[in-house]
Structures are given as C-alpha cells and as structure tokens.
Chemist: 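Here it is, the structure, as structure tokens.
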Amino acid sequence: MSRSDAERSNRSTLAILFIVLFMDLAGFSIIFPLFPAMLEHYMEVEGETGGLISIVYNTISAWSGDPDDSFRSVVFFGGVLGSIYAFLQFFSSPIWGALSDRFGRRPIMIVTVGGWALSHLLWIFSARFEMLLVARVFSGLMAGNVGVATAIVADITSPEQRSKSMALIGVALGLGFIIGPAIGGLTAGWSLGPGTAGSWIGINPFSAPALVACICSSLSFLWIVLKLPETLPVENRARDSQRSAIPPILKIGKTKDTTLGRLVLAYFIFLFAFSGMEFTITFFAVDSFNYTPMQNGMMFVFIGMVLVLSQGGLVRRLAPRIGDRKMAFAGMVLGAVGFLVLSMSGESEPIFYTALAIIGIGISFINPTVSALVSHISEANEQGRNLGILRSSGSLARAVGPILGSLVYFILSPQSAYLACGICGLIALALFARIKVADAQS
C-alpha cells in the first residue's frame, strides 16, 4: 500500500470511529436526564411489593431518620446506581484494552458495542427495577469501546498527528453528550404501550428512550462490522499482549515521579467533585425547579454546548498563547468558583445556569491541558503508562464521585454537597499550584 493510500485508509478509519463514538455516546447519555423520574416510577410501582428497590429504599429512608424527606433518599439511591456502573467501567476498561492488544481491536469493538446494544435492549423491557439493574450492570461490563478506540487512533497516527486525532474523538464524544440527553428528554413522554404491571419483563414508561438508545448502539455495531478495519497487525500483538488488565491507577505507587503523582492527585480530586455534581444536578433541578425529564435534557444540552464551544474555541486558541499549565490552573479556579456559586444558587435559575456555565468552561480547560502536561513530563517510553494512569484516575473519580456526592446531598443538603465540591476544587487548586512543570508548548 502506498503512503497516500495508507493516509486515505487512516482518514477513513478515523471517520468511522467518529461516527461510532458519536452514536455510542448519544445512546449512552440518553438516560442522564431520566434518572430522577425513573427511580420514582419504580418506587411507586414496586413500593408495596417487597421488591429489591423497596427493600433498599426503605433501608435508606430508615437510615435518614426523616421519612418526610423521601426525595433525598431517591438522590442517594441514584448515586449508588450511578456508581455501580462507573465502578464496573473502571475495572472492565483495562481488561478490554488488554484483550484488544492480544486479539486485535476490531473483535473487541464488535463485542463491547454489541454488548451495549444488548444492554439497551434489556432496558426497553425492564418492567421491574431488577431488570434495569441487570441492564446497567451489563452496560458497565461492556464499557470498553472508548479505550479501544483510543488505541486504534494510536495504531494509525504518528506522534505528531496523534493529539489532533485524539481531539476528533473528543468532539465526537462532546456532540454525543449534547444530542443524547436532548433525545432522552424529548422521548421521555413517548409511550410504547400501557406497560406490564407485576411482570419482570415488559414495557415501561421509559421504553421509548431505551429504544432510541438501542437503535443508536445497533447502528454503531453494524457500522463496525461492515466498515471498521483491523488496525493492530498480528505481528505486533505478541509484544502488546503483555499489558496488564489491572487498572493503571493502582500502579501509581510504583512511580517515583512526584510531579506526576501531584498532577494525577489534583486531577482526581477535581474530577471527583465534578462527577459528584454532574450526577446529582438532575435531582437538584427536580428538587429546586420541578424540572421534567425534557427540561433536564435541555439542561444537559446547555452543559454540552458550553463544553464543546469552550474546548473547540477557547482552549484551541488560548492554550498555544498562555500555555497548558496556566490554562489548567484557570480551569481549576473557574471550577471551584462555579461549585461555590452553585451552592448559593437556591431557587434562582439564572444563578444556577451561570454556575453550570462557569463549571463547564473550567472542566473544558482542565481535561486537554492536564493530559498535555502529563505527556510533556513523561519520557517517550512512559507516555502510554502515565497517560493511562491519568485516565484511570479519572475513571475512579467518576466511580466514587456520584455515591459520595449523593451521600452528602442525602445526609445534609444539596447546598452542602456543592459546597463540598467547591472545597474539593480549592484543594485540587492548592495541589496544582505547587506543581512546577513547564508548559507543553515550551
């Protein structure tokens, strides 16, 4: 194959990945604005039947000591459910990555995306909460496609072009994050039938969004089967198959690079606060403004637009001028301020959306620039390991953030939860301020 043919093939593969990841994240994020209404539905339907949800909910309510404030119990229950998925993703992603090193990228993409489609099919027919839980657990176990897609980009791009190609993946994920919640909100009121009361398997009020999510994942699966080529040659698999399936963050103690350790810790603390806020924000909107699933969907569209416009516009223009370290520092300042403003928003929607915008800009500054700083301080033979540690720390933060954020919301108040997020943001900022590292552009 000539060089020009190889370049065309690589561009085609990147285009396929863009479509696949966009469709995947759109389908995955459809559920985001629906969590409060879904949990309340299952508790209303199964509250008197002695099912799993009633047992857990009654235990949580008894622990709270305030049976009149049932909504906070819903929030905590939602945080538990969200963290179950994220913990499974945290442990399963490295396993899928290691398997892709051994057997190739294409078969693992087929299995994981096909598994996501199957999990959404289970969601369509989750008449009982137990079936929804099975669907979420299976979805978490199959969550390996983004990591494998990143490996595909590394397979087909030169080091000079890699960051640009990785940014393309970021755009696909960002657009999917905008479209998915909007679809979830818009389709939340659609009905596929009267439902199947008392049955384990049957239609539920959220089967229409689940059907759309299943269609998105199924189209993505078919696109991979028909179009995605294998990018890891057989002769390279023996060498790469030795990669460990242990989450990379668990190996942080083996590195003696204190700068890397501080960067990873600051990033973990900030993303931990962000994920706690991100998961509980739909419950807060319902609690404070009586938002419907559609209004929650539009809220996520707003957040997604802020992320895409900030990362695609501000970061791309400002980072080369002022440097990655200053951009990351500014992002942490904005994030901490945004959390604190959110804690004071009360029932004021203008202040609420102002806080979300500030936080969105902050996280859009942090994600690409911290990755660039880790890459810059790493030797060539340590790039993959160190960036893997950083990504793994983010996965762990997203696993523990929802449950601990919802726990503070549950025990104290939403204002206390977001104040705690702000304090975490300030701690991350203080840690980052002590890091002496040159900008990646220097």
Chemist: Looking at Ser406 and Ile403, would you say the former's side chain and the latter's main chain have a donor-acceptor pair under 3.5 Å?
Modeler: yes

Chemist: Do the side-chain N and O atoms of Asp24 and Ser220 include a donor-acceptor pair separated by under 3.5 angstrom?
Modeler: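 On atom types as modelled, these side chains qualify, holding a pair under 3.5 Å.
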
Chemist: Judged by atom type as modelled, is there a donor-acceptor pair below 3.5 Å linking the side chain of Gln295 to the main-chain atoms of Thr292?
Modeler: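 Checked: pair present.
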
Chemist: Contact between Leu25 and Leu175 at the side-chain level, heavy atoms closer than 4.5 Å - yes or no?
Modeler: no

Chemist: Could you pull out the closest heavy-atom pair between Ala143 and Ser92, with the gap in Å?
Modeler: O-OG, 3.9 Å

Chemist: Determine whether a donor-acceptor pair (N or O, by modelled atom type, separation under 3.5 Å) exists between the side chain of Ser139 and the backbone of Arg136.
Modeler: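 Side chain of Ser139 to backbone of Arg136: no pair is present.
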
Chemist: Mind checking the NE2-CG spacing from His41 to Asn204? Nearest 0.5 Å is all I need.
Modeler: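 The distance works out to 5.5 Å.
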
Chemist: For Gly405 and Thr280, which heavy atoms make the closest approach, and how far apart are they?
Modeler: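 The answer is C-CG2, 4.1 Å.
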
Chemist: Under 4.5 Å between any side-chain heavy atoms of Leu228 and Trp223, yes or no?
Modeler: no

Chemist: Is the count of non-hydrogen atoms from other residues, nucleotides or ligands lying under 6.0 Å from Met298 atom CE greater than 12?
Modeler: yes

Chemist: Using ring centroids (six-membered ring only for Trp), state whether Phe35 and Phe283 fall under 6.0 Å.
Modeler: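 Distance test on ring centres: not under 6.0 Å, no.
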
Chemist: Measure the spacing between CZ of Phe300 and CE of Met305 and express it to the nearest 0.5 Å.
Modeler: 16.0 Å

Chemist: Could you tell me if the side chain of Phe129 sits less than 4.5 Å from the side chain of Met38, heavy atoms only?
Modeler: no

Chemist: Can you see which heavy atom on Gly360 is nearest to which on Leu307, and at what distance?
Modeler: O-CD2, 3.3 Å

Chemist: Taking the six-membered ring for Trp, are the ring centroids of Phe432 and Phe270 within less than 6.0 Å of each other?
Modeler: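 Centroid distance Phe432-Phe270: not below 6.0 Å, so no.
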
Chemist: By side-chain hydrogen bond (donor to acceptor under 3.5 Å, both in side chains), which residues pair with Tyr85, not counting sequence neighbours?
Modeler: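 For Tyr85 there are no side-chain hydrogen bond (donor to acceptor under 3.5 Å, both in side chains) partners, ignoring immediate neighbours.
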
Chemist: Counting C-beta onward and ignoring hydrogens, is there a side-chain heavy-atom pair between Leu263 and Leu390 closer than 4.5 Å?
Modeler: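 No. Closest side-chain heavy atoms not under 4.5 Å.
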
Chemist: Counting N and O atoms only, with roles assigned by atom type, does the side chain of Ser100 sit under 3.5 Å from a partner on the main chain of Arg105, one being a donor and the other an acceptor?
Modeler: no

Chemist: Tell me, please, which residues at least two apart from Glu278 pass side-chain hydrogen bond (donor to acceptor under 3.5 Å, both in side chains).
Modeler: Arg398

Chemist: How long is the span from the CG atom in Leu211 to the CH2 atom in Trp123, to the nearest 0.5 Å?
Modeler: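 One gets 10.5 Å once the value is rounded to the nearest 0.5 Å.
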
Chemist: Hey, mind stepping through Ile152 and Met109 against side chain to side chain contact (heavy atoms under 4.5 Å, CB included) and telling me if it holds?
Modeler: CA-CA 10 Å; Ile152 292 174; Met109 286 291 285; 4.1 Å; yes

Chemist: Parallel, tilted or perpendicular, judged at 30° and 60°: which one describes the rings of Phe28 and Trp116?
Modeler: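 Phe28 vs Trp116 ring planes: parallel.
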
Chemist: Closest heavy-atom contact between Ala285 and Asn296?
Modeler: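 Closest approach of Ala285 to Asn296: CB-OD1, 3.5 Å.
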
Chemist: Within this structure, what is the OG1-CG distance for the pair Thr112 and Leu141, rounded to the nearest 0.5 Å?
Modeler: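 Those atoms lie 12.0 Å apart.
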
Chemist: Which of these, Leu314, Ile322, Leu373, sits in a side chain to side chain contact (heavy atoms under 4.5 Å, CB included) with Met327?
Modeler: Ile322

Chemist: Could you please spell out the steps behind the side chain to side chain contact (heavy atoms under 4.5 Å, CB included) verdict for Thr282 and Phe32?
Modeler: CA-CA 8 Å; Thr282 52; Phe32 287 0; 5.7 Å; no

Chemist: Apply side chain to side chain contact (heavy atoms under 4.5 Å, CB included) to Asn145 and Val20, showing your working.
Modeler: CA-CA 9 Å; Asn145 54 342; Val20 166; 5.6 Å; no

Chemist: Any sub-3.5 Å donor-acceptor pair from Ser275's side-chain atoms to Phe272's backbone N or O?
Modeler: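 Yes: the side chain of Ser275 pairs with the backbone of Phe272.
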
Chemist: Given 3.5 Å as the limit, does a donor-acceptor pair link the side chain of Ser343 with the main chain of Leu340, or not?
Modeler: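 Yes.
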
Chemist: Are any side-chain N or O atoms of Thr369 and backbone N or O atoms of Ile366, one a donor and one an acceptor, separated by less than 3.5 Å?
Modeler: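 Here the side-chain-to-backbone pair exists.
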
Chemist: Under a 3.5 Å threshold, yes or no: a donor from one side chain and an acceptor from the other, between Ser126 and Tyr42?
Modeler: no

Chemist: What is the minimum heavy-atom distance between His120 and Ser217, and which atoms define it?
Modeler: ND1-OG, 3.0 Å

Chemist: As an exercise, state the distance from OG1 of Thr187 to CG of Leu34, rounded to the nearest 0.5 Å.
Modeler: 6.5 Å

Chemist: If we check side chain to side chain contact (heavy atoms under 4.5 Å, CB included) with Ile224, which of these qualifies: Leu17, Ile19, Val113?
Modeler: Val113

Chemist: Counting distance only, does the side-chain N/O of Ser310 pair as donor-acceptor with the main-chain N or O of Ser364 below 3.5 Å?
Modeler: no

Chemist: Hey, what do you get for CG (Leu431) to CD1 (Ile269), rounding to the nearest 0.5 Å?
Modeler: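 The CD1 atom of Ile269 is 5.0 Å from CG of Leu431, to the nearest 0.5 Å.
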
Chemist: Keeping the roles fixed (side chain from Ser345, backbone from Val341), state whether a donor-acceptor pair exists under 3.5 Å.
Modeler: no

Chemist: For the residue pair Ala135 and Leu122, what are the closest heavy atoms and their distance?
Modeler: CB-CB, 3.8 Å

Chemist: Could you walk me through whether Phe339 and Met277 pass the side chain to side chain contact (heavy atoms under 4.5 Å, CB included) check?
Modeler: CA-CA 8 Å; Phe339 293 138; Met277 180 281 301; 4.0 Å; yes

Chemist: Would you say the side chain of Phe90 lies within less than 4.5 Å of the side chain of Ser392, judging by non-hydrogen atoms?
Modeler: yes

